[in-house]
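In what follows, every heavy atom counts, from backbone to side chain, and hydrogens, waters and symmetry copies are set aside.
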Amino acid sequence: MTDEKTNEKRDFIRQIVAEDIRTSKWDGEVCTRFPPEPNGYLHIGHAKSVCLNFGIAAEFGGKCNLRFDDTNPVKEEPEYVESIKEDVRWLGWDWEDRLYFASDYFQQMYDYAVELIKQGKAYVEELSAEQIREYRGTLTDPGKNSPWRDRPIEENLDLFERMKNGEFPDGSKTLRAKIDMASPNINLRDPVIYRILHAEHHRTGRKWCVYPMYDWAHGLEDSIEGVTHSICTMEFENHRPLYDWYLDQLPVHHPQQIEFARLNLSYTLMSKRKLQRLVQEGYVNGWDDPRMPTLSGLRRRGYSPASIRNFCDVIGVNKFYSTVDMQLLEHCVRQDLNKTSPRVMGVLKPLKVVIENYPQDKVEYLEAVNNPEDPGAGTRQVPFSRVIYIEQNDFMEEPPKKFFRLAPGREVRLRYAYFVTCTDVVKADNGEIIGIRCTYDPATRGGDAPDGRKVKGTLHWVSAEQAVDAEVRLYETLFTKENPEDVAEGDDFTDNINPNSLEVLADCKIEPCVKDLKPLSRVQFERNGYFCVDPDSDENRLVFNRTVSLKDTWAKIQKKQKK
RNA sequence: UGGGGAAUAGUGUAAUGGCAGCACGACUGACUCUGGCUCAGUUAGUCGGGGUUCGAAUCCCUGUUCCCCAGCCA
């Protein structure tokens with residue numbers, strides 16, 4: 001499997017890892033980690049990182065840790081820890097016994113900070129947050145030294161310990177590294193190492209009153225765990241000199257940080273904050289709304305783990321800004337579901353068909369193939385009777401050119417059943433078509449004419465008497481614009497929300513075999529698309545989400561004809 | 001305007017001094033009991049300008065554009 005990825009085809013990170021193995025840089029070891037902060041739900045962008053880190057470990061015979069970077073108690077909750085674990089597992093990755101928490105290293109991090117103070121490389125700051133900002137300078141102007149920068153080591157030691165012991169209020173002091181207030185890299189202008197936070201931590205409770213900042217914590221977490229390749233997103237590139245500086249001050253293992261560009265997807269947002277707004281302001285029905293790019297949303301929508309893993313593989317890894325086309329994700333899910341989904345006939349917008357010459361009370365069972373892509377999937381029996389439903393848009397009274405479906409006087413095939421010919425159109429007083437009448441040819445049972453006669457169209461159908469009623473939810477993109485952030489002056493992304501992103505079809509007719517499907521089961525409704533049983537389903541009501549439609553050549557032709 | 005990254009078909013990505021390739025999309029056509037799948041084909045690209053070289057997407061110079069950084073967030 002590893003052989004398939006020849007060196008030339010590897011992304012730049014895998015090339016680095018391969019080279020490090022070749023040169024025995026880390027004694028041939030590979031250790032990566034996926035380090036989420038438990039402050040929100042994972043989305044498809046995180047999946048890229050998960051697959052990168054776990055994927056590299058798997059391909060190179062290494063290990064990948066799942067580590068919660070829980071250094072900010074005011075934002076983090078156990079609920080997120082659980083959802084993240086579930087999502088990573090669902091994607092198909094296994095951290096085995098390597099489930100770690102940054103909070104488990106708090107004592108060690110604290111001890112290292114004391115060590116830094118002893119070296120004269122850190123000091124207790126008493127400037128306020130606002131003053132620190134003023135002293136920091138700007139992008140173009142250097143900062144200036146804090147008046148507390150040169151206080152004696154003993155005093156720093158004493159103050160820091162008392163910070164830890166909770167003697168000072170939040171925000172009154174910080175511990176800062178003594179680096180260079182004139183550095184062109186602002187991250188090096190005496191960055192804060194610890195802040196005082198009297199907060200309840202979801203794992204350590206009230207034990208700590210000081211909490212480490214990202215830069216201090218993250219490198220040490222990597223170091224403690226023996227991570228070799230610390231893979232993160234581009235916005236941390238400016239932090240790498242600090243990551244390195246911290247680890248260089250201490251006699252510890254020093255991993256290599258490598259940055260890649262985060263995923264952007266057309267017609268969606270990836271920012272946790274903005275996704276949260278969608279939820280909180282009611283634009284969607286929760287984090288697992290099938291329109292959300294969260295993994296829980298995609299799961300409920302019907303995406304398979306394999307399709308998402310394949311997607312992450314196909315998009316590649318790079319260092320430059322790019323936006324992947326939504327259609328690529330849809331391609332990946334169709335590709336997987338085509339091979340794996342059982343076929344079912346389901347009529348979304350029913351049109352009643354009476355077959356005049358079919359016996360009144362007869363019901364017969366016809367054999368249907370469960371999955372033409374998978375002979376092992378077998379066949380099933382589908383009931384047929386005098387009254388059936390077909391799709392409203394499979395019938396046109398005055399069909400345009402290239403319309404191969406049913407029309408007055410025209411013969412089509414009912415899939416796996418019979419050829420039928422439309423003899424009459426039934427209309428309501430307002431002229432609306434409420435049903436049609438047909439005759440069938442008994443000789444075509446199963447769907448083939450013994451005289452070799454051909455039909456242009458094959459329709460799916462459901463026998464009225466045996467049909468299962470269902471609600472079907474159809475989705476479009478959540479935003480009308482490829483880039484949801486593309487807004488007029490004064491507007492924001494919510495102004496680009498697609499008002500038609502959800503369409504609920506309340507009385508759909510599905511063939512009876514779906515009756516006992518469990519939530520999250522995936523099926524293909526032939527000619528309609530891939531669907532997934534929504535957890536909203538109960539014994540009285542089946543609910544399906546459309547994961548993605550089938551490719552629809554007829555829709556394209558129609559579009560062109562309209563022009 | 002300081003610093004750090006980066007620019008290859010419409011989109012995403014390969015090629016690491018030696019034939020610019022792949023995937024998605026779009027468009028033809030074949031096949032078809034899913035207007036699906038599959039198959040065959042078409043389309044279209046190295047940010048601009050100089051240079052080095054037998055040869056440059058790749059090296060050098062220069063210009064342009066885009067992204068990130070001034071949290072006691074990660």
Side-chain angles (χ1 to χ4, degrees), chain A residues 7-12 15 35-37 39 69 71-72 74-76 125 127-129 132-134 136-143 170-176 183-189 191-197 210-211 213-215 217-218 232-241 259 261 266 272 314-332 334-335 338-339 343 345 368-369 372-373 402-405 412-417 419 446-448 454-460 482 524-529 549-557:
Chain A
N7 205 33
E8 299 83 62
K9 290 289 178 190
R10 279 175 175 152
D11 59 71
F12 79 100
Q15 284 181 37
E37 182 188 14
N39 69 344
D69 202 2
T71 57
N72 186 357
V74 300
K75 288 191 176 177
E76 296 150 7
E125 173 66 271
L127 256 28
S128 68
I132 287 179
R133 196 179 319 125
E134 283 162 12
R136 188 154 35 223
T138 68
L139 292 178
T140 50
D141 301 317
D170 287 4
S172 60
K173 290 178 176 50
T174 57
L175 183 72
R176 298 180 73 181
S183 172
N185 183 341
I186 289 180
N187 296 125
L188 261 22
R189 318 241 263 230
V192 171
I193 303 174
Y194 273 91
R195 77 280 210 187
I196 299 172
L197 238 39
V210 290
Y211 288 90
M213 297 291 290
Y214 168 84
D215 293 290
H218 206 89
C232 61
T233 44
M234 291 300 295
E235 66 267 28
F236 294 105
E237 197 157 30
N238 295 326
H239 293 244
R240 192 174 62 226
E259 309 86 11
S266 61
K272 258 186 210 172
V314 159
I315 56 175
V317 183
N318 239 316
K319 284 178 80 86
F320 47 87
Y321 184 92
S322 64
T323 301
V324 175
D325 198 326
M326 191 70 194
Q327 289 178 103
L328 185 57
L329 216 208
E330 296 191 337
H331 163 78
C332 289
R334 283 194 188 104
Q335 185 179 259
N338 176 49
K339 282 181 289 185
R343 312 288 126 124
M345 291 195 282
V369 174
E373 304 293 320
K402 292 187 179 173
F403 183 84
F404 301 149
R405 282 109 97 139
V412 298
R413 170 169 38 234
L414 296 177
R415 187 147 160 89
Y416 300 124
F419 285 12
D448 287 303
K454 300 280 182 204
V455 287
K456 287 281 259 184
T458 299
L459 272 43
H460 62 277
E482 205 169 307
Q524 181 196 98
F525 290 168
E526 294 211 31
R527 306 209 303 136
N528 266 322
S549 67
L550 254 31
K551 280 208 258 176
D552 191 348
T553 318
W554 170 239
K556 272 183 199 170
I557 295 169

- [ ] Rounded to whole angstrom, note down the C1' distance from B:G5 over to B:A9.
- [x] 25 Å
TODO: For A:T323 and for A:E237, find the nucleotide of RNA chain B with the closest heavy atom, then tell me which residue's nucleotide is more 5'.
DONE: A:E237
Open item on the list: Given the structure, check if the side chain of A:Q327 and the base of B:G12 hold any donor-acceptor pair shorter than 3.5 Å.
Closed with: no
Task: Distance, C1' atom - from B:A56 to B:U46, rounded to whole angstrom - done: 11 Å
Task: Same-atom distance (C1') from B:G12 to B:G45, integer angstrom - done: 13 Å
Open item on the list: Could you report the tightest heavy-atom contact between A:H218 and A:D69, atom names first, then the distance?
Closed with: ND1-OD2, 3.0 Å
- [ ] Begin from the C-alpha positions of A:F404 and A:W554 and carry the test ring-ring contact (aromatic ring centres under 6.0 Å, His included) through to its verdict.
- [x] CA-CA 9 Å; A:F404 301 149; A:W554 170 239; 7.4 Å; no
Open item on the list: On RNA chain B, does the nearest nucleotide to A:F525 precede the nearest nucleotide to A:F12 from the 5' side, or the other way round? Give the residue.
Closed with: A:F12
- [ ] Answer with yes or no whether A:Q524 presents, from its side chain, a donor or acceptor under 3.5 Å of a partner atom in the base of B:U34.
- [x] yes
Open item on the list: If I take atom CG in residue A:N338 and atom P in nucleotide B:C24, what distance separates them, rounded to the nearest angstrom?
Closed with: 14 Å
Task: Polar side chain donor-acceptor pair, A:R195 to A:T174, under 3.5 angstrom - done: no
Task: Footprint string (nucleotides 64-72 of chain B, 5' to 3'): B base within contact, S backbone only, - free, heavy atoms under 4.0 Å - done: ----BBBSB
